[in-house]
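For reference, the structure discussed in these notes is given below.
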2 protein chains.
Amino acid sequence: MDEQHRSGCPINLALEVVGDRWSLIVIRDIIFGNRRHFRDLLTHSEEGIASNILSSRLKTLLDEGIITRADDPTHKQKGVYSLTEKGIELLPVLAQLAAWGYKYLPVTEELGIRARLLHEGGPKLWAEFMDELREMHLGQKRKHKGPSVFAKLRAAYEAVVAKKKRK
Amino acid sequence: MDEQHRSGCPINLALEVVGDRWSLIVIRDIIFGNRRHFRDLLTHSEEGIASNILSSRLKTLLDEGIITRADDPTHKQKGVYSLTEKGIELLPVLAQLAAWGYKYLPVTEELGIRARLLHEGGPKLWAEFMDELREMHLGQKRKHKGPSVFAKLRAAYEAVVAKKKRK
DNA sequence: ACAACCAGTTGCAAAAAGCAATCACTTGGA
DNA sequence: TCCAAGTGATTGCTTTTTGCAACTGGTTGT
């Protein structure tokens, strides 16, 4: 059970934790979609994750201290997943990855809009977003004022979807 | 052969390309270790990559346009792998991943020093480094003057190794 | 009472990773 | 000239991970 690490390199260690095809997808949906329940992550998944894989990933992320799980008072079986600070700080990784994908890969318009805004906003916007995530997941009070980055990203996405529908 | 994408999300598309345990390790060794030959990547790998996996990853990275391969004039069988602009622009992703790993995972001192310097230098240092990489891999002339970031990172690493040896 | 909802688990097949040995060729030195 | 060392891989094999579909056992609302 004592997992041996391949090396003590930070990049390698990070890849051992989130270097697979699904972990960061789950984190992405928690961050940008605010999906907090198992079913929510399962059925709204753009990519169609299987339930056993989702289950296994959530377990790993729990073990690694990237997310936590709490009981939902409204439903005895429902669990609420929240990001830890360690999980929230994966946002810059996701942002850079998204920027790279947006620039070089065949991204669809509606799914690319968030990557664009995040890229244009830069580290300052990321920090604001992380501040909001700390409020949403850790119950800390927001430091920055003004409109929510989360809401702005969502609104931009909805606008693109609406525009495409009209055509 | 026409691979179907799981979705048009930039994060997902990026993960489909480099979201595995080895691709970014190879890129890391090319960038930070300046390893340009198959054998070089194979035998100096900190993590001990197997030859068939290295072979397969290099093929994928070639197909994706992240690296190119040229014949080495000094040896008919030797190939020289170089980064493309698309590959060079993975540096910010590596830097963020390294920063996260450095902060939260059991990184060894000698392998963590580069992550620390890269983090402290921030996007400005990354840009300088990418400028150097364009010189090393694409034959473009460097725009910025002054000491090489590549050399600084290497020197810092050597210094830590030397210090540990003395003890 | 019962259908819909919830968080998973199980069993099985396919794909990928990992390991050791081998291959076909090139180079440099005795 | 010959042969060891070096080159970039490939092959065959086992183990591990992924992916899919069906299922389980409990909860909630009507």
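Throughout, a chain's letter reflects where its sequence line sits, starting with A, and its residues are numbered from 1. From a predicted model like this one, the values you see are computed outputs, not experimental measurements.
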D:dT18 phosphate, OP1 or OP2: any side-chain N/O from A:Ser56 under 4.0 angstrom?
no

Checking only heavy atoms, does the side chain of B:Gln77 share a donor-acceptor pair with the base of D:dT7 at less than 3.5 Å?
yes

Under-4.0 Å salt bridge between A:Glu16 and B:Arg21:
no

Between C:dA7, D:dG19, D:dG8, which nucleotide has the shortest distance from any of its atoms to the side chain of A:Trp22?
D:dG19

For the side chain of A:Arg69, starting at C-beta, report the closest nucleotide among D:dA22, C:dA7, D:dA9.
C:dA7

Can you tell me which nucleotide in C:dC19, D:dC20, D:dA9 comes closest to the side chain of A:Ala50?
D:dC20

Is the shortest side-chain N/O distance from A:Arg39 to OP1 or OP2 of D:dT27 below 4.0 Å?
no

Phosphate OP1/OP2 of C:dA16: any B:Arg21 side-chain N/O under 4.0 Å:
no

Winner on side-chain proximity to B:Lys78, out of C:dA17, D:dG8, D:dC20, is D:dG8

Closest approach to the side chain of B:Lys76, judged atom by atom: which nucleotide of D:dT28, C:dA17, C:dT26 is it?
C:dT26

Return the value, rounded to whole Å, for the distance between atom CZ of A:Arg35 and atom C1' of C:dA7.
17 Å

Could you tell me the separation between the CG atom of A:Asp72 and the P atom of C:dA7, rounded to a whole number of Å?
8 Å

Nucleotide nearest B:Ile53 when distance is taken to its side chain, options D:dG8, C:dC6, C:dG18:
C:dG18

Is the closest basic N to carboxylate O distance between B:Glu110 and B:Lys163 below 4.0 Å?
no

